[in-house]
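Quick one: the structure is below, questions incoming.
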Protein chains: 2
Amino acid sequence: MPESRAASTSSAHVLEKRRRRRAEILHAALTAFRENGYHTTTLDDIAERLGVRKTALYHYFPDKESILYECHRESLAEIERMIEEAQGRYDTPGGRLAYLIREHVRIMTEGLEGSPLAFEVPALSPERRAEIVAARDRYEGVLRDLIVQGIEAGEFREVDPKIAVFAMLGAINWIARWYRPDGPVHPPELGAQFADHLIGGLKCQPVP
Amino acid sequence: MPESRAASTSSAHVLEKRRRRRAEILHAALTAFRENGYHTTTLDDIAERLGVRKTALYHYFPDKESILYECHRESLAEIERMIEEAQGRYDTPGGRLAYLIREHVRIMTEGLEGSPLAFEVPALSPERRAEIVAARDRYEGVLRDLIVQGIEAGEFREVDPKIAVFAMLGAINWIARWYRPDGPVHPPELGAQFADHLIGGLKCQPVP
DNA sequence: TCAAAATTTGAACCTTCGTTAAGATTGTCA
DNA sequence: TGACAATCTTAACGAAGGTTCAAATTTTGA
């Protein structure tokens, strides 16, 4: 069972090579999942993108769901890194929120890393789903807190923070559905407009 | 083949009964699809919700995909009815847009009708998918036009209309992912806040 | 260069689930 | 009530695709 082999038996070079191969597989899988969804993507599909037979994948992952799971883990790691970065970086809640939106958009578009996190969560086993959902909830909590702070500071009007966060995350996650790297929309402008749109909507009372 | 039987052979009463049963099946399927996704939902799951064996479903629909397809058709009909209603109803682009957002939110929450339209599109066959996507594109075009009009009228700031529409639809479609009829969020407030948030964000230049 | 480890392959297995066929039960209506 | 349609059930099929396994091939490192 190569999957659980102790690191001590292999040289650093071999391990590094293996790590890279795993990353390649994850990337191929991620793209396939994004294009066709988890369930309609077969292991053959993923293997074909790598010029290999599907059984070769079992040398790196114990089963199909684990591939999806690792995609989720990577997304979450990226999100959490982003939250770290945001700490004490801007002095207004709106500023921090704008930063998070721009970064999240970047993550969603760069390498499409955030895509599976947006969809395909129900495909995971209960335990893994719980883990992913818990992490996602933490992130939502961070956003909610920023909105509450913005309201208290008078920067935002009084909205239901929970609903506002759902609106933002919906807009961002939906990117996985329409964005294409070779399309006309470019990530930086996308992030900027999303930040303006979603945060502007919290600041201004629309006239009825 | 009861699926293609001519109407003339059956009485109005029988046809009406059959129509209601079909609606029941669609509703059960819709709920199941929404909770677990199309692919993880089995015909047994749907049948169980109706207290019936899965083969009974074949008396009403030729196959599983057709059930999903009919869900989509109903969603689209609802959306198109909504667009009709909006015609010449408000005099500013922002007003019409706000109406559409509120109504779309209502459709998404009432009976969860809009849910499958939001997700599960890739599960359809190419022909059917093309049909659904075309209708969805028309809807997006309506929204885009309203935004362009709003910009020209000076009601909105200058944004990329396409991106703005994706932000709105993302926020709205995402409702299917988190909204629960027995949850704390109530549709009318949800629709109102979404309209304020998403349209307010088009009106006001956020200070950086 | 050579033995051991790593990687990939081909073939077969097995489960799930959509689907079909034929018959039983229920409902309709003259 | 009786014939016919409508509805549902039981049993079984078959294809798709994830998984296992033993063997072949390639790579590693001394």
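Note that this is a predicted model, so its numbers are computed, not measured. By convention in this document, chain letters (A, B, ...) are assigned in the order of the sequence lines, proteins followed by strands, and residues within each chain are numbered from 1.
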Note to self: Can you identify which nucleotide, out of C:dT28, C:dT7, D:dA6, has its nearest atom closest to the B:H59 side chain?
What the structure shows: D:dA6
Next item on the list: Would you mind telling me which residue lines up with the more 5' stretch of DNA chain C, A:L57 or B:L43, judged by nearest nucleotide?
Entry: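 Result of the comparison: A:L57.
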Notebook entry, point to check: Rounded to whole angstrom units, what separation is found between the CG atom of B:D45 and the P atom of C:dC17?
Noted result: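 Spelled out: CG on B:D45 to P on C:dC17 is 8 Å.
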Note to self: Quick check against the 3.5 Å criterion: does B:Q149 have a side-chain atom that pairs as donor or acceptor with the backbone of B:P93?
What the structure shows: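 A pair under 3.5 Å: no.
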Check: B:K54 or B:K17: which one's nearest nucleotide on DNA chain D is closer to the 5' end?
Finding: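 By nearest-heavy-atom nucleotide position, the 5'-most residue is B:K17.
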Margin query: From the set D:dT9, C:dT8, D:dG18, return the single nucleotide nearest to any side-chain atom of B:R53.
Written below: D:dT9
Note to self: Determine whether B:F194 and B:H104 satisfy the following criterion, ring pair (Phe, Tyr, Trp, His ring centres under 6.0 Å), listing intermediate values before the conclusion.
What the structure shows: CA-CA 10 Å; B:F194 263 39; B:H104 195 163; over 10 Å; no
Notebook entry, point to check: Rounded to whole angstrom units, what separation is found between the CG atom of A:D44 and the C1' atom of D:dG18?
Noted result: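 Value for this atom pair: 10 Å.
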Margin query: Measure NE2/A:H39 against C1'/C:dG18 and give the value in whole Å, please.
Written below: 15 Å
Next item on the list: Measure the distance from CD1 on A:I46 to P on D:dT19 and round it to the nearest whole Å.
Entry: 11 Å
Notebook entry, point to check: To the side chain of A:Y58, which of C:dT7, C:dT9, D:dT19 is closest?
Noted result: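 Nearest listed nucleotide: D:dT19.
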Check: So which nucleotide from D:dT7, C:dT9, D:dT19 ends up closest to the side chain of A:K64?
Finding: D:dT19
Check: Between A:R22 and A:Y60, is there a donor-acceptor pair closer than 3.5 Å when you use the side chain of the first and the backbone of the second?
Finding: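 Looks like yes, one N/O pair under 3.5 Å.
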Check: Does B:D45 reach the main-chain N or O of B:T42 with its side chain, forming a donor-acceptor pair under 3.5 Å?
Finding: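 Answer holds: yes.
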Next item on the list: Before accepting this row, confirm whether a basic side-chain N of the pair B:R21/B:E24 lies closer than 4.0 Å to the acidic partner's carboxylate O.
Entry: yes
Checklist line | Phosphate OP1/OP2 of C:dT7 contacted by A:R18 side-chain N/O (<4.0 Å) | finding: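 Checking A:R18 against C:dT7: at least one side-chain N or O falls below 4.0 Å of OP1 or OP2.
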Check: Expressed in angstrom and rounded to an integer, what is the separation of B:L50 atom CG from D:dT7 atom C1'?
Finding: 13 Å
Next item on the list: Look at the side chain of B:Y60 and decide which nucleotide, out of C:dT9, C:dT7, D:dC8, has an atom nearest to it.
Entry: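 Nucleotide nearest to B:Y60's side chain: D:dC8.
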Note to self: Regarding B:T40, tell me which of base, sugar-phosphate or nothing describes its non-hydrogen contacts under 4.0 Å with the strands shown.
What the structure shows: nothing
Next item on the list: For A:S66, answer base if it contacts any base atom (sugar-phosphate contacts may also be present), sugar-phosphate if it contacts only those atoms, and nothing otherwise; contact means non-hydrogen atoms under 4.0 Å.
Entry: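 Touches nothing.
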Notebook entry, point to check: Nearest-Å distance, CD (B:E65) to P (C:dC17)?
Noted result: 18 Å
Next item on the list: Just do the salt bridge (charged side-chain N to carboxylate O under 4.0 Å, His left out) check on B:R20 and B:E16 with the steps written out, would you?
Entry: CA-CA 6 Å; B:R20 270 208 304 273; B:E16 171 61 17; 3.4 Å; yes
Next item on the list: Take B:R81 and B:E84, measure what salt bridge (charged side-chain N to carboxylate O under 4.0 Å, His left out) needs, and give me the verdict at the end.
Entry: CA-CA 5 Å; B:R81 207 171 306 136; B:E84 280 302 312; over 6 Å; no
Notebook entry, point to check: Rounded to whole angstroms, how far apart are CG on B:L15 and P on C:dT28?
Noted result: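 Rounded to whole Å, this separation is 13 Å.
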Margin query: Please report the distance, rounded to the nearest Å, between OH in A:Y38 and P in D:dG17.
Written below: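 Taking atom P of D:dG17 as the reference, OH of A:Y38 is at 13 Å.
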Checklist line | C:dT8 OP1/OP2 closer than 4.0 Å to side-chain N/O of A:R21 | finding: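 For C:dT8, OP1/OP2 do have a side-chain N/O of A:R21 under 4.0 Å.
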Margin query: Once pairs are restricted to Watson-Crick or G-U wobble with both distances under 3.5 Å, how does DNA chain C read as a dot-bracket string, [ ] for crossings and | for other-strand pairs?
Written below: ||||||||||||||||||||||||||||||
Check: Any cation-pi pair here, B:R177 with B:F119, using under 6.0 Å and within 45°?
Finding: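 Cation-pi check for B:R177 and B:F119: passes.
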Next item on the list: Please tell me which of the listed nucleotides, C:dG18, D:dT9, D:dT19, lies nearest to the side chain of A:D63?
Entry: D:dT19
Next item on the list: Under 4.0 Å between any heavy atoms, over every strand shown, what does B:T55 touch: base, sugar-phosphate, or nothing? Just pick one.
Entry: base
